[in-house]
Structure formats: structure tokens, C-alpha cells
Amino acid sequence: MLLLRKKTAFYLTDLETPVGKAINLTIAGLVLLSSVIFVAETYTIPNAVRFQLNIVDTVILIIFAVEYILRLWSTDNKIKYIFSFYSIIDLMAILPFFIGIADISFIRLLRWFRVLRLIRFLDRKSFFGKISTEDGVILGRILFTLFAIIFVYSGLIYQVEHPVNPKVFRTFLDAFYFSIVTMTTVGFGDVTPISELGRLLTVSMILTGIALIPWQVGDLIKRLVKTANQVEIVCPGCGLGFHDADAQFCKACGTKLSGVIDSSVENEISTY
């Protein structure tokens with residue numbers, strides 16, 4: 001039994017072996033699929049299609065619930081896991097289904113946080129496939145963070161405003177447009193919320209846009225400028241992808257780079 005628990009815990013976090021990679025990439029794909037279903041349900045679609053989408057979404061939620069139970073069962077410190085960041089995100093992803101049975105409508109707001117489950121995979125370079133350098137992974141994380149923030153806010157404002165303001169917030173695209181305009185502080189004013197909760201969300205969007213987005217975009221620009229002036233060499237010690245052309249050692253871990261850098265520079269010069 002102990003061996004089975006350890007093997008389960010390993011495959012639920014592994015992205016190197018074929019089995020572990022298949023399991024985790026399948027979960028990531030289901031997260032994306034559930035997000036697409038949420039967006040599709042905001043549009044006018046035939047009832048038969050909507051019914052089929054609900055069935056698919058229910059199956060996905062059951063899979064997520066089984067995954068959560070397996071993660072909890074296979075971990076050694078269950079209390080620590082329950083209160084960990086990833087566990088809370090996982091729990092928020094399945095609560096709307098189970099608590100929704102009691103007809104608690106506001107809990108449906110939590111379903112938009114399901115996309116944040118992808119953060120778990122961003123901690124590993126192998127999730128990005130061909131992106132093998134540390135700098136490339138960091139760029140991917142920044143871009144995903146910006147997307148996740150806008151997506152979650154768009155879903156929340158749609159869920160809050162559509163029932164009371166359906167002519168303005170008709171579809172997810174209207175909410176997405178409003179989120180980008182608000183968080184970038186452009187503020188055209190052609191789409192505005194009317195509910196108190198919607199206005200509170202708008203204030204939160206503005207504060208997030210002022211505090212977080214410039215920092216993320218600034219970090220993205222700095223890394224793009226930085227990597228443009230460096231030689232792309234993967235450190236054999238830590239995987240750092242870019243170094244100065246005259247670097248002898250990796251600035252992150254100290255591994256010797258002189259031979260690799262010199263040969264790469266010669267190759268670049270020979271191409272011109």
C-alpha cells in the first residue's frame with residue numbers, strides 16, 4: 001500500500017516519464033477544455049449543444065475530484081497539503097459542482113479560478129516542450145500570469161453583471177473587453193457595471209492593473225532586452241539559457257562556461 005501511495009504521488013507530479021507526462025498533460029488539457037466550455041456557455045447556443053457541454057463539464061469535474069482525492073491520499077502530510085496553495089486552487093475548482101447541488105448560486109463564481117490550476121505545471125520546464133531554457137520558462141510564466149488574471153476577472157465580472165445587465169455584458173467577449181480596458185486604465189466608459197459587486201470588482205481590476213500588470217510587462221521587456229544582448233547558451237549546471245558573450249562562468253550557479261561560449265561565438269561569427 002505504501003508503495004502504491006508513493007507511485008501515485010510520483011506520477012501526479014512527474015513530467016519526465018511517459019506515464020507522468022501523459023497524466024499531467026491530460027489534466028492540463030482538461031483545464032483548458034473546461035475554460036473553453038465556460039466561454040462557450042456565455043453565447044447563444046442550441047439547448048442540445050449546451051446539454052452536451054454540461055455533461056462534458058460534469059465529467060471533467062468528476063475527474064478533478066478523483067485527482068484531488070488521490071493527491072490527498074498519496075501525500076504524507078495531509079494537513080499541510082490541504083492548506084497549500086495548489087490544494088486550495090484544486091478545491092476551488094471542484095467546489096462549484098458539489099456545493100452547487102445545494103443551489104448556492106454565488107459559488108459558481110469560483111469556477112473561473114479553475115484556469116489557475118495550470119500554475120502547477122508552470123513550475124517545470126518540461127511542460128513548455130521545446131522551451132528548455134530558464135529564461136524562456138520565465139517569459140512563459142509572465143505571459144500566462146497576465147492571461148490568467150484577465151481571464152479570471154473577465155469570468156467574474158460576466159458572472160456578476162450578466163444577470164442584472166444582460167444588454168451590456170452579453171457574452172464573455174464583452175467582459176473580456178471590459179477587463180482589458182479597465183486593467184490598462186484606458187477606461188472608455190462604453191461598458192460599465194451597475195451592481196455593487198460589479199463595481200467592487202472594477203475597483204479591484206484597476207488596483208490590480210496599476211500594481212501588477214506594469215510590473216509583469218516591465219519584467220517581460222527587461223528580459224527581452226537582456227536576452228537580445230546575450231549569447232544563448234544553456235548552462236550544464238542549472239539550465240540558465242543566456243549569458244554575456246565574454247562570460248567564463250554561469251552567473252547563477254558558477255559552472256564553467258568558457259569553452260562553450262567561445263565555440264558558440266565562433267559559430268555565430270562564421271555564419272556572417
Side-chain angles (χ1 to χ4, degrees), residues 1-38 54-102 107 110-145 147-148 152 234-241 250 252-255:
M1 182 63 69
L2 180 61
L3 180 61
L4 180 60
R5 285 177 54 192
K6 289 184 177 181
K7 184 177 290 188
T8 301
F10 171 77
Y11 283 130
L12 287 175
T13 57
D14 173 61
L15 281 173
E16 300 295 336
T17 65
V19 175
K21 195 167 187 177
I23 291 174
N24 283 281
L25 291 181
T26 298
I27 293 172
L30 291 176
V31 173
L32 293 175
L33 178 59
S34 66
S35 301
V36 171
I37 291 174
F38 292 160
N54 287 333
I55 292 177
V56 174
D57 190 50
T58 301
V59 172
I60 292 174
L61 276 170
I62 292 174
I63 294 174
F64 287 164
V66 172
E67 179 210 358
Y68 180 83
I69 293 172
L70 288 175
R71 288 184 185 275
L72 181 62
W73 171 73
S74 61
T75 189
D76 293 328
N77 192 335
K78 292 179 172 50
I79 300 298
K80 182 179 179 181
Y81 172 76
I82 289 173
F83 292 100
S84 66
F85 173 75
Y86 291 138
S87 175
I88 293 173
I89 294 297
D90 291 345
L91 194 60
M92 291 173 67
I94 61 178
L95 274 179
F97 174 72
F98 292 103
I99 301 183
I101 297 175
I107 204 71
L110 297 178
R111 70 182 193 165
W112 297 98
F113 288 92
R114 202 181 298 179
V115 72
L116 297 180
R117 298 187 77 244
L118 292 175
I119 294 176
R120 173 185 281 114
F121 304 102
L122 300 183
D123 289 338
R124 294 174 173 82
K125 291 190 291 186
S126 54
F127 177 76
F128 290 90
K130 295 181 180 180
I131 303 178
S132 58
T133 65
E134 186 66 26
D135 287 321
V137 173
I138 292 174
L139 292 179
R141 289 173 185 165
I142 292 173
L143 292 175
F144 174 78
T145 300
F147 164 77
V152 170
V234 179
C235 170
C238 67
L240 186 65
C250 175
C253 67
T255 301

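Within the model, atoms CD1 of Ile37 and CG of Asp57 stand 5.0 Å from one another, a figure rounded to the nearest 0.5 Å. Residue Leu118 holds its CG atom at 11.0 Å from OG1 of Thr145, rounded to the nearest 0.5 Å. Here CG of Leu30 is found 11.0 Å from CG of Leu25. Values are rounded to the nearest 0.5 Å. To the nearest 0.5 Å, atoms OG1 (Thr75) and CG (Leu70) are separated by 12.5 Å. To the nearest 0.5 Å, atoms OG (Ser74) and CD1 (Ile69) are separated by 11.5 Å.
Under the rule for a side-chain hydrogen bond (donor to acceptor under 3.5 Å, both in side chains), the partners of Thr17 that lie at least two apart in sequence or sit in another chain are Asp14. Residues that satisfy the side-chain contact (heavy atoms from CB on, under 4.5 Å) test with Leu3, not counting sequence neighbours, are absent from this structure. By the side-chain contact (heavy atoms from CB on, under 4.5 Å) test, Val36 pairs with no residue at all, sequence neighbours left out. Partners of Ser84 according to the side-chain contact (heavy atoms from CB on, under 4.5 Å) rule, which considers only residues two or more places apart in sequence or in another chain, are Tyr81, Ser87. Scanning for ring pair (Phe, Tyr, Trp, His ring centres under 6.0 Å) contacts around Phe10 gives an empty result, with sequence neighbours left out. Judged as a side-chain contact (heavy atoms from CB on, under 4.5 Å), and not counting sequence neighbours, the contacts of Leu91 are Tyr68, Ile94, Leu95. For Arg117, the side-chain hydrogen bond (donor to acceptor under 3.5 Å, both in side chains) criterion is met by Glu67, Asp90, not counting sequence neighbours. Scored by the ring pair (Phe, Tyr, Trp, His ring centres under 6.0 Å) test, Phe113 finds no partners at all (sequence neighbours excluded).
Residue pairs meeting the ring-ring contact (aromatic ring centres under 6.0 Å, His included) criterion with at least one partner in residues 14-38, sequence neighbours excluded, are Phe38-Trp112.
Panel note: side chain Asn24, backbone Tyr11; a donor-acceptor pair is recorded below 3.5 Å. A donor-acceptor pair under 3.5 Å is absent between the side-chain atoms of Arg71 and the main chain of Ala9, judged by distance alone. Distance alone, capped at 3.5 Å, is enough to place a donor-acceptor pair between the Ser34 side chain and the Val31 backbone.
The heavy-atom pair separating Trp73 from Lys78 by the smallest distance is O-NZ, 3.5 Å. Closest of all the heavy-atom pairs between Ile88 and Phe83 is CD1-O, 3.9 Å.
Looking at heavy atoms from C-beta onward, Phe64 lies in side-chain contact with Ile27 at the 4.5 angstrom threshold. Side-chain contact between Ile60 and Arg114 is present, with heavy atoms from C-beta onward closer than 4.5 Å.
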